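See below for the structure under consideration.
So that the names make sense, note that chain A is the first sequence line, chain B the second, and so on, each numbered from 1. Keep in mind that this is a model prediction, so the values were computed, not measured.
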Amino acid sequence: MTSLLSDLNPQQLEAITLPHQSVLVLAGAGSGKTRVLTTRIAYLIQSGQVSPSGILAVTFTNKAAKEMLTRITAMLPINPRGMWIGTFHGLCHRMLRSHYQDAGLPQAFQILDSADQLALIKRILKDLSADDKKFPPRQVQWFINNAKESGLRAAYVTIDDVFSRHMLEFYQAYELQCHKVSAVDFAELLLRSYELLSRNEILCQHYRERFNHILVDEFQDTNPLQYKWLKLLSGTGTKEAAAVFAVGDDDQSIYAFRGAYSGNMKDFERDFGITKIIKLEQNYRSHGNILDAANALIENNSERLGKNLWTAEGRGEPLRVYNAPNDFDEAAFIVEEVKTLHAEGIALSEIALLYRSNAQSRVFEHSLFNAAIPYRVYGGMRFFDRQEIKHALAYLRLIANLDDDGALLRVINFPTRGIGARSVEQLQEDAKVQGGSLWAAALLKCDGEVSLPQESHKSLKGVAKFVFLIMTMRQSCGELALPQIVECMLIHSELLTHYAKERESSERLENLNELINAATSFVHEAGNDSLAEFLAHASLEAGEHQVGSDRDALQLMTVHAAKGLEFHTVFLSGLEEGLFPHENSLNESNGIAEERRLMYVAMTRARRRLYLSFTQSRMLHGQTRYNIASRFLDEIPQTCLKWMQAAPRTSFRYSNSTNPISTSASSIQLRSSNSSRGGWKIGQSVMHAKFGTGVIINCEGCGSDARVQVNFDQAGMKWLSLEYAKLSTV
DNA sequence: CCCCAGCCGTTTTTT
DNA sequence: ACGGCTGGGG
């Protein structure tokens, strides 16, 4: 026990040893949040206050869940299976599996990932002959998920115009189709689980009695449905109410755009009768200048719960600011600095290059490639998202459930076996008439043919050949272990031979072989040999972005992707109005505040050194854009900053000699005075004689070419040339 | 059945 | 600028 609780600061200790009551823990960046969460669980169990089965801990990502489990099992010699530790979706899935009948689901329900869901929506829209110009599938998907994440079934969605009436129609058709093919999408996992608990009192009671302690990570990222789920499951206000240990940081809420509602923290205080808020403000990660700068920046947000990070370490280095003439030069500067740091002994993997949007990575990759600096880009394709893996999984899904129309459509003619679009259409029509699945229609179509003795199967063609293939694979499943099922499928489907024929396919073949390994380790870790469970695992956990290369490499990622990570040195690039804060955020309510939090997250990733860079011009969407420095730079005390000169460099793409503004002094001037665009700033309110009042949301060009884009309250969006338009400040 | 031209969108993203 | 998707033509 003593070793468990040693080296903790008073606030951490208080949080960990708090008696059975709900609490809100405001955990700042680098304040030892994960340690507090895991140590509390270990403490509760070790002190006999709760058995492992009385614990429910929920996170947002599989990575975080895994990390938590690893740390707990390192502290305590217990079997982790009894604890419910996982993502919201994972835990809801676990619950639905156990009570599928009560939840109104068949035992073999399948999970749709976003891509599967989109494909299904596309099919439905086609079926309804909806105009996909007027109703883009993505928007329909957004509408459905949004409704579900607000806890709304189609029957309860309110319609206030023609458009949403159509959307609702699609939602209803989608619900029907999901039911028909027993498919459950991500939001549905939560909604189903919520409805199960709210309708089935006995079951709800059972879980309330079981889970004495509920711990929630990244509480600021919960959406309304997740909050309702927690509230219901915890039974707050009842006799047997669980103690909810909610850990979050309102200043690190950066996922409002996907439905996260950080207002849940305030609601939590109210709904759970919180009397105790514990603030973890001591930062163990960064040096003083970095924290001071981050604190000063976030101070500009209103409606904060309030928190100030501090460190027992020294001030450390100042933040280094660099103003580049253009994006190529910015990249060149960073490359030089990375080289120097690496030469000084900093591992490349300890250096991160962060940007606001993925498009920015291209220039960096180009420069890094030329400089022969190994780098790794995060984001993009995940293992289970890859085409070849999707195809393989579709075969497995079809084996597990013959009525999975989506899976059938994906592989009926892949690799090609002479089943064209016409035959598929015919099948779809047949299925519609028969009211059954595509598989049933296919079976009927080649009635008799496939039941012929095996010797003649080689002569089978088209649909009959496909039906025979699937039936054969299904048969052999009964005798094989999961990895062998995967292997058998890869061979008999001829996916392997197909990709072997393709040029530059070694990576695809590698991935397909990796799928066998994935099955092996799944059996090992989950202690489960079920194909259906493996498929659920594949949907719920998209896997790593890329097969991990072990060599030391510079880390490139968006700021969002960097959340939760830390590095010795961080390069934060593209600090320009329109990019960071992103121009789209200007139109959103509280958009700037969210961008500022994003900036806060980015800055607090750095332990020892933080670079901030911005450019005067950069290529975006094929056009050169002229930018002014981000307002966020102005919000950092100058005393924390050190303005950098361009280091002498060998490889300039563009000389900066044509642009006089490259020294630190004039950079400041550029931002604060009327140099390049007559002092007009993005976000500024302006008045125009004809169009009235509006807000500048964009600007480009210099001197007589300078133009600003203004969003007028009445007249809407206009581009105005500053030379002619008479704008005045409001 | 495959290929290519043209068109669209282009902030952030986990499950 | 560029990549992904669609639809028409070979």
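Geometrically, A/Arg382 does not engage A/Phe384 in a cation-pi contact defined by less than 6.0 Å to the ring centre and at most 45° from the axis. With a 6.0 Å cutoff to the six-membered ring centre and a 45° limit on the axis angle, A/Arg97 counts as a cation-pi contact of A/Phe109.
Under 4.0 angstrom from either OP1 or OP2 of B/dT14 there lies no side-chain N or O belonging to A/Asn223. The phosphate of B/dT12 (OP1 or OP2) has no side-chain N or O of A/Asn584 nearer than 4.0 angstrom. In terms of phosphate contacts, A/Thr558 brings a side-chain nitrogen or oxygen within less than 4.0 Å of OP1 or OP2 of B/dT13. Applying the 4.0 Å criterion to OP1 and OP2 of B/dT15, one finds that A/Arg382 has a side-chain N or O inside that range. In this structure, A/Arg362 reaches the C/dC2 phosphate: one of its side-chain N or O atoms is under 4.0 Å from OP1 or OP2. For the OP1/OP2 pair of B/dT11 and a distance below 4.0 Å, the side-chain nitrogens and oxygens of A/Arg258 include no atom meeting the criterion.
A donor-acceptor contact under 3.5 angstrom links the side chains of A/Glu365 and A/Ser361, judged on distance only. Side-chain contact annotation: A/Asp185 with A/Tyr174, donor-acceptor N/O pair under 3.5 Å present.
Comparing A/Phe257 and A/Phe186, the nucleotide of DNA chain B nearest to each residue sits closer to the 5' end for A/Phe257. Nearest-nucleotide assignment on DNA chain B puts the 5′-proximal partner with A/Asn413, out of A/Asn413 and A/His621.
In this structure, the CD atom of A/Gln141 is 16 Å from the P atom of B/dT15, given to the nearest Å. One atom, CG of A/Leu598, and another, P of B/dT11, lie 14 Å apart when rounded to the nearest Å. Straight-line distance from the CG atom of A/Leu118 to the P atom of C/dT6: 10 Å, rounded to whole Å. If you measure from atom CD of A/Gln110 to atom P of B/dT15, you get 19 Å, rounded to the nearest angstrom. When rounded to the nearest whole Å, the span between CD of A/Gln117 and C1' of B/dT13 equals 14 Å. B/dT11 atom C1' lies 21 Å from atom OH of A/Tyr378, rounded to whole Å. Across the protein-nucleic acid pair, A/Asp221 atom CG and B/dT13 atom P stand 13 Å apart, rounded to whole Å. Rounded to whole angstrom, the span from the CD atom of A/Glu583 across to the C1' atom of B/dT10 amounts to 10 Å.
Where stacking is scored as ring centres under 5.5 Å apart with planes under 30°, A/His582 registers as stacked on the base of B/dT11.
Between A/Leu197 and A/Met95, the closest side-chain pair of non-hydrogen atoms falls below 4.5 Å.
Using a 4.0 Å heavy-atom cutoff across all strands shown, A/Asn62 reaches sugar-phosphate atoms only and no base atom. Among the heavy atoms of the strands, none lies under 4.0 Å from A/Asp185. Within the 4.0 angstrom heavy-atom criterion, no nucleotide atom of any strand lies near A/Glu218. Residue-level contact check: A/Phe580 touches neither bases nor backbone, having no heavy atom under 4.0 Å from any strand. Here A/Ser539 lies out of heavy-atom contact (under 4.0 Å) with every strand.
At a cut-off of 3.5 angstrom, counting only N and O atoms as typed in the model, there is no donor on one side facing an acceptor on the other between the side-chain of A/Thr87 and the base of B/dT14.
Here the side chain of A/Glu595 is nearest to one of B/dT13, B/dT11, B/dT15, namely B/dT11. Checking B/dT12, B/dT11, B/dT15 against the side-chain heavy atoms of A/Thr61 singles out B/dT15 as nearest.
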Could you walk me through whether A/Asp116 and A/Arg410 pass the salt bridge (Lys or Arg N to Asp or Glu O under 4.0 Å) check?
-> CA-CA 10 Å; A/Asp116 300 330; A/Arg410 184 165 195 116; 5.6 Å; no

